[in-house]
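No hydrogens, no waters, no symmetry mates; every other heavy atom, side chains included, goes into these values.
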Amino acid sequence: MHSILFIVFLPLLAAAIAGFGNKSIGFVPAKAVTTGALFISCALSWPIFIAYLTGGAEATVVPVLDFIHSGTMDVAWALRVDSLTAVMLVVVTSVSALVHLYSWGYMEEDPDQPRFFAYLSLFTFAMLMLVTANNLVQMFFGWEGVGLASYLLIGFWFRKPSASAAAIKAFVVNRVGDLGFMLGIFGTYLVFNTVSIPEILAAAPGMAGSTIGFLGHRYDTMTVLCLLLFVGAMGKSAQLGLHTWLPDAMEGPTPVSALIHAATMVTAGVFMVCRLSPMFEQSQTALTVVTTIGAATCLFAATVAVVQTDIKRVIAYSTCSQLGYMFFAAGVGAYGAAMFHLFTHAFFKALLFLGAGSVIHAMHHEQDMRYYGGLRKQIPVTFWGMMAGTLAITGVGLPGVFGLPAIGFAGFHSKDAIIEAGWASGNPGVWFVGVLVALITSFYSWRLMFLTFWGQPRWAASEHIQHALHDAHGHDDAHHPDEAHGNAPKAEDSGEHPHEEGGRHDDLPQGTGGYHPHESPLPILIPLVILSIGAVAAGYVFHTFFIEPSAGEEYWKGALAFREHLMHAMHEVPTWVKLSATVAMLLGLFIAWYAYIRSPKFPTAVADQFGVLYRFLSHKWYFDELYDLIFVRPAFAIGRLLWHRGDEKTIDRFGPNGSAWVVALGSRVAGRLQSGYVYTYAFVMLIGLTAAATWVIAS
């Protein structure tokens with residue numbers, strides 16, 4: 001089990017070599033060191049995961065060093081490995097290793113490749129520190145580490161204003177959530193007198209029913225602590241209210257999107273809630289809040305994804321929605337199902353992001369799906385990879401009814417389990433939201449596929465394609481931050497042309513414009529093929545260990561709160577409940593087919609008919625505008641007031657500037673006395689002597 005030291009610290013060592021060596025060691029060595037380190041970590045992680053699956057491993061703590069000794073606080077730096085950690089190890093290292101390999105092809109022309117790969121490895125190290133934490137302080141270290149690395153990666157093209165703004169937005173919004181997380185850690189230490197996670201979880205049942213003072217009143221202790229901790233999870237996992245940073249994070253390179261939004265940073269909140277699930281089990285109020293926020297986020301993000309035209313933003317809002325699924329699963333007590341969906345989601349969402357990057361690469365960094373069409377024969381490997389991801393996220397499969405075994409793609413097993421858990425927990429409203437979002441997910445996922453790979457080519461209308469045709473060297477510097485290809489904000493994102501957002505591709509001129517898309521190079525295609533295997537088989541192969549009553553209890557071994565009775569109830573829901581998600585998926589597929597294949601003018605007609613609703617969705621429920629009005633503008637107004645009137649006109653005026661003015665005035669007066677004539681100096685001396693004599697006589 002000491003291999004955990006290599007798993008965690010190899011990415012840090014690789015990041016240091018690539019980062020400090022930078023261009024002096026060369027592009028290929030920097031990429032080889034970081035990618036090789038991640039593949040080694042990945043190779044070491046899978047045996048640990050398999051050992052827990054087969055029941056041949058127990059929870060282990062590997063000490064690293066002593067960290068803090070202050071009064072009653074004793075923080076030892078140690079790496080905890082149990083079944084929950086094992087899941088996260090394979091998710092983080094597998095996806096990160098494939099993203100590193102993918103970046104060899106995608107970032108090939110970028111002049112700052114060593115820095116990029118160093119950031120990727122640093123990000124992975126921080127996430128590994130988070131998931132192996134044995135105490136809350138170490139978890140917070142990893143928590144803030146992924147926040148820092150995400151800022152560096154999102155703003156990697158720092159010369160581009162939109163990328164810098166997106167990085168700052170992600171950093172600031174996460175600081176809001178992290179304030180709640182810090183308060184939760186402080187409160188937990190105050191209550192339990194320790195930050196050791198095993199000790200806290202063991203003592204949590206004893207705190208049920210107790211109260212704690214907070215904001216001048218007394219509340220249930222575990223409710224306060226869990227809600228504060230959940231605020232941190234809301235920020236990291238982009239739940240409703242603290243979600244606004246997630247879509248803007250698409251300004252970073254596509255590999256960054258896949259790494260952050262598939263397997264690492266955004267899943268940290270779900271992992272934390274599951275890790276501390278014995279605490280959340282002591283507060284039904286906290287669980288209700290988690291369920292409500294998760295379900296609301298699930299629905300909100302899905303509705304916004306319906307009208308997005310940027311291929312990466314569709315998948316980004318999809319991530320936000322799928323995270324909502326995970327949280328409402330945790331909220332109803334199905335922590336195993338939440339982790340199962342986290343596990344499968346990592347494969348098919350990374351596949352979709354990297355597949356989208358391959359499409360963008362083929363279309364000379366055009367991201368607007370309205371300028372795609374007819375690509376399935378041009379880039380077949382990418383097409384089949386994204387098809388596998390779409391079949392997984394939409395939940396295609398055969399439900400286990402009428403005596404038949406359940407079999408399907410990855411998302412079918414995990415997402416359907418969450419929907420069934422919603423019904424089994426006695427929350428029909430949550431179940432209904434889950435089914436409705438399954439329909440919407442199917443619609444926007446197939447909409448993406450139909451706009452991208454079917455229909456007539458609409459490439460001629462793309463400015464990026466025209467640039468490719470008229471600039472023979474355009475591809476050579478496509479990834480340069482000054483070019484900003486594929487990441488510039490479009491008019492539809494700001495709502496300038498709302499009626500064009502929903503897919504008015506029928507109004508665009510059709511044709512190729514003489515452009516011929518090309519399939520991506522092998523470093524891009526190999527990760528797509530590997531992730532496709534996970535998207536197809538991960539659900540069927542591993543569902544027994546995550547959610548089956550007996551096998552799940554044996555696998556988790558207390559690593560999270562496993563409600564065996566709920567798992568039994570999930571498998572005994574009525575047949576129509578089992579079929580509901582599949583019916584919703586088929587209905588969403590049919591609507592997307594009718595709107596974008598059978599009758600392409602239908603989306604425009606709907607957008608015109610329901611203009612108010614359409615503008616509401618295209619402006620993302622006006623969250624950005626609301627936050628701009630409530631927080632951003634007042635903050636800038638206060639800043640300008642303190643700057644101009646406070647700093648310049650008060651502090652500077654009467655402080656350093658005033659002092660300088662007095663000194664300058666005195667210098668000018670003194671300068672006038674320096675006439676150079678002896679009689680002037682004698683006259684001044686006479687006045688001085690007279691004044692001195694007068695003072696002596698008078699005193």
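Applying the side-chain hydrogen bond (donor to acceptor under 3.5 Å, both in side chains) test to every pair with at least one member in residues 270-280, sequence neighbours left out, gives these pairs: D82-R275, T85-R275. Applying the salt bridge (charged side-chain N to carboxylate O under 4.0 Å, His left out) definition to pairs two or more places apart or across chains, those involving residues 120-144 are E144-R175. Pairs passing the ring pair (Phe, Tyr, Trp, His ring centres under 6.0 Å) check and including a residue from residues 11-43, sequence neighbours excluded, do not occur. Sequence neighbours left out, the pairs with a member in residues 14-34 that pass salt bridge (charged side-chain N to carboxylate O under 4.0 Å, His left out) are K23-D112.
With rounding to the nearest 0.5 angstrom, the CD1 atom of I311 is 6.0 Å from the CD1 atom of I360. Rounded to the nearest 0.5 angstrom, M339 CE and F343 CZ are separated by 9.5 Å. Rounding to the nearest 0.5 Å places CG of L89 at 9.5 Å from OG of S94. In this structure, CG in L531 is found 10.5 Å from OH in Y102, a value given to the nearest 0.5 Å. Taking CE of M250 as the start and OG of S162 as the end, the distance is 13.0 Å to the nearest 0.5 Å. Between the CG atom in L342 and the OG1 atom in T267 there is a gap of 4.5 Å [rounded to 0.5 Å].
Scanning all heavy atoms of the two residues, the minimum distance from L242 to V176 falls at CD2-CG1, 4.0 Å. Considering all non-hydrogen atoms of both residues, S150 and M265 come closest at CB-SD, 3.4 Å. Closest non-hydrogen pair, Q239 versus S237, comes out as NE2-O, 3.1 Å. Among all heavy-atom pairs drawn from S532 and G385, the shortest one is OG-CA, 3.6 Å. For the residue pair A316 and P247, the shortest heavy atom distance occurs at CB-CA, 4.3 Å. Minimum heavy-atom separation, M279 to T188: CE-OG1, 4.1 Å.
Of the possible donor and acceptor atoms, none in the side chain of Q322 sits under 3.5 Å from a partner among the backbone N and O of H345. Using modelled atom types, one side-chain atom of S41 and one backbone atom of A37 make a donor-acceptor pair closer than 3.5 Å. Checking side-chain atoms of S121 against main-chain N and O of L12 turns up no donor-acceptor pair under 3.5 Å. Although no hydrogens or angles enter the test, the distance criterion places no donor-acceptor pair under 3.5 Å between the side chain of S358 and the main chain of L354. Under the 3.5 Å distance criterion, the side-chain polar atoms of N22 are left unmatched by any main-chain donor or acceptor of P114. Under the 3.5 Å distance criterion, the side-chain polar atoms of Y325 are left unmatched by any main-chain donor or acceptor of I418. In this structure a side-chain-to-backbone donor-acceptor pair under 3.5 Å is present from S83 to W556. K557 places a side-chain N or O within 3.5 Å of a backbone atom of A57 that can act as its donor or acceptor partner. Between the side chain of S164 and the backbone N or O of G155 there is no donor-acceptor pair closer than 3.5 Å. A donor-acceptor pair under 3.5 Å is absent between the side-chain atoms of T382 and the main chain of G355, judged by distance alone.
W77 CH2: more than 12 foreign heavy atoms inside a 6.0 Å radius. Shown here is F6, whose CZ atom has no more than 12 heavy atoms of other residues, nucleotides or ligands within 6.0 Å. For CZ of F49, the number of neighbouring non-hydrogen atoms (other residues, nucleotides, ligands) closer than 6.0 Å is greater than 12.
Between F181 and M272 the shortest side-chain heavy-atom distance falls below 4.5 Å. Side-chain contact between I260 and I154 is present, with heavy atoms from C-beta onward closer than 4.5 Å. Counting heavy atoms from C-beta on, the side chains of I185 and W143 never come closer than 4.5 Å. Side chains of L130 and F140 form no contact here, defined as non-hydrogen atoms less than 4.5 Å apart. For the pair V33 and I25, the minimum side-chain heavy-atom distance is 4.5 Å or more. Annotation: side chain of T297 is not in contact with side chain of F327 (no heavy-atom distance under 4.5 Å). Using a 4.5 Å heavy-atom cutoff, the side chains of V146 and M129 are not in contact. Considering only heavy atoms from C-beta on, L351 comes within 4.5 Å of L528 through its side chain.
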Task: Worked verdict on F562 versus Y555 for ring pair (Phe, Tyr, Trp, His ring centres under 6.0 Å) - done: CA-CA 10 Å; F562 189 81; Y555 172 72; 9.6 Å; no
- [ ] Please lay out, stage by stage, how L120 and T34 fare under the test side chain to side chain contact (heavy atoms under 4.5 Å, CB included).
- [x] CA-CA 8 Å; L120 286 182; T34 52; over 6 Å; no
TODO: Walk me through it: do I197 and R80 pass the test side chain to side chain contact (heavy atoms under 4.5 Å, CB included)?
DONE: CA-CA 10 Å; I197 292 176; R80 179 175 185 81; 5.8 Å; no
- [ ] Decide yes or no on side chain to side chain contact (heavy atoms under 4.5 Å, CB included) for T344 and H413, but give the supporting numbers first.
- [x] CA-CA 9 Å; T344 61; H413 290 278; over 6 Å; no
TODO: Carefully, step by step, assess V92 and F271 under the rule side chain to side chain contact (heavy atoms under 4.5 Å, CB included).
DONE: CA-CA 12 Å; V92 173; F271 167 79; over 6 Å; no
TODO: Apply side-chain hydrogen bond (donor to acceptor under 3.5 Å, both in side chains) to K349 and S318, showing your working.
DONE: CA-CA 9 Å; K349 187 52 61 69; S318 170; 3.1 Å; yes
- [ ] Evaluate the side-chain hydrogen bond (donor to acceptor under 3.5 Å, both in side chains) criterion for residues H100 and T35: first the C-alpha distance (whole Å), next the side-chain angles of each, then the deciding distance (0.1 Å), finally the verdict.
- [x] CA-CA 5 Å; H100 275 72; T35 306; 5.5 Å; no
Under 3.5 Å, which donor-acceptor pairs do the side chains of residues 534-546 form with other protein atoms, sequence neighbours left out?
from	atom 1	to	atom 2	distance (Å)
H543	ND1	G539	O	3.4
H543	ND1	Y540	O	2.9

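Ring orientation note: the planes of F125 and F141 are nearly perpendicular, at an angle over 60° on the 30°/60° scale.
Each of F123, W104, F156 was compared with F116 under the ring pair (Phe, Tyr, Trp, His ring centres under 6.0 Å) criterion, and only F156 meets it.
Every residue meeting the salt bridge (Lys or Arg N to Asp or Glu O under 4.0 Å) condition with K236, not counting sequence neighbours, appears here in chain and number order: D178.
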